[in-house]
Amino acid sequence: MRIAIDLDGTLVRGNYPFPLEKVAQEYEDIFLSRECLRAGICELYSYIKESNYEFWIYTFSFRKIEEIECLFKKYNVQLDGIINYMIHKGRISEIDLEELRWIQKYPPAFGIDLLVDDLEEVKLDGDRLKFEVLLLKEKDLHWVEKVIDKLNELGK
């Protein structure tokens with residue numbers, strides 16, 4: 001199974017100051033990225049890897065792949081794939097379906113089974129176009145359990 005998680009507002013703080021994960025000790029004094037990830041990311045990553053799932057990032061931002069890799073390196077998290085704005089737009093243009101022209105994310109184009117995102121419009125697109133989206137909000141302190149529950153539900 002392949003899971004992808006959004007960055008802004010989901011794993012990287014937006015307007016709400018959710019708790020942040022502690023940086024891996026070996027990277028505490030090394031400047032890898034100014035951004036930090038939401039508390040629980042290491043727990044979720046362990047579960048994903050133990051389950052032999054793939055862990056991807058799917059962001060509509062213009063961040064470079066290398067920037068995203070550096071952000072996750074601070075937490076000893078190895079990503080299996082990264083989709084940023086440019087990669088998304090390139091793939092969507094290859095599909096050439098009118099209904100995908102303005103969509104922010106389309107996980108089926110990348111073989112993604114579950115997308116975790118904080119935007120209602122992404123969830124609505126998933127409902128309309130029949131792809132799985134787990135909607136999380138910044139204030140959700142039990143987000144890891146929700147993702148694991150959804151993965152277990154889909155894995156059945």
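Since the structure is predicted, the reported quantities are computational estimates derived from the model, not experimental observations.
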Name all residues meeting the side chain to side chain contact (heavy atoms under 4.5 Å, CB included) criterion together with [X]; count only those two or more places apart in sequence or in a different chain, and write none if there are none.
X     : answer
Glu43 : Val144
Pro19 : Ala39, Leu141
Tyr47 : Ser51, Tyr53, Ile148, Leu151, Asn152

Using the salt bridge (Lys or Arg N to Asp or Glu O under 4.0 Å) criterion, which residues pair with [X]? Sequence neighbours excluded.
X      : answer
Lys22  : Glu28
Glu132 : Lys150
Glu26  : none
Lys146 : Asp140

Task: Under 3.5 Å: donor-acceptor pair, side chain of Asp80, backbone of Phe55 - done: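 A pair under 3.5 Å: yes.
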
Task: Residues Arg91, Glu94: salt bridge by 4.0 Å N-O rule - done: yes

Task: Pair Arg63 + Glu35: basic N to acidic O under 4.0 Å - done: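 Looking at Glu35 together with Arg63, the answer is yes, because their closest N to O distance falls below 4.0 Å.
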
Taking only residues two or more places apart in sequence or in another chain, which ones pass side chain to side chain donor-acceptor pair (under 3.5 Å) with [X]?
X     : value
Glu54 : Arg2, Trp56
Arg34 : none
Asp6  : Thr10, Lys105
Tyr58 : His88

TODO: Could you walk me through whether Arg38 and Glu21 pass side-chain contact (heavy atoms from CB on, under 4.5 Å), step by step?
DONE: CA-CA 5 Å; Arg38 187 178 197 150; Glu21 189 77 47; over 6 Å; no

With side chains defined as the heavy atoms from C-beta onward, is the minimum distance between [X] and [Y] less than 4.5 Å?
X      : Y      : answer
Ile68  : Leu71  : no
Lys137 : Glu120 : yes
Leu20  : Arg13  : yes

Open item on the list: Checking Tyr85 now: which residues fulfil ring pair (Phe, Tyr, Trp, His ring centres under 6.0 Å) with it, not counting sequence neighbours?
Closed with: Phe60, Phe62

Task: same_hphob_cluster(Ile65, Met86) at 4.5 Å side-chain heavy-atom cutoff - done: no

Task: Residue of the set Asp118, Leu37, Val116 for which side-chain contact (heavy atoms from CB on, under 4.5 Å) holds with Ile5 - done: Val116

- [ ] Please report the C-alpha distance between Ile41 and Trp143 in whole Å, then the side-chain angles of each, then the deciding distance to 0.1 Å, and finally whether the side-chain contact (heavy atoms from CB on, under 4.5 Å) criterion is met.
- [x] CA-CA 10 Å; Ile41 189 63; Trp143 73 278; 4.1 Å; yes

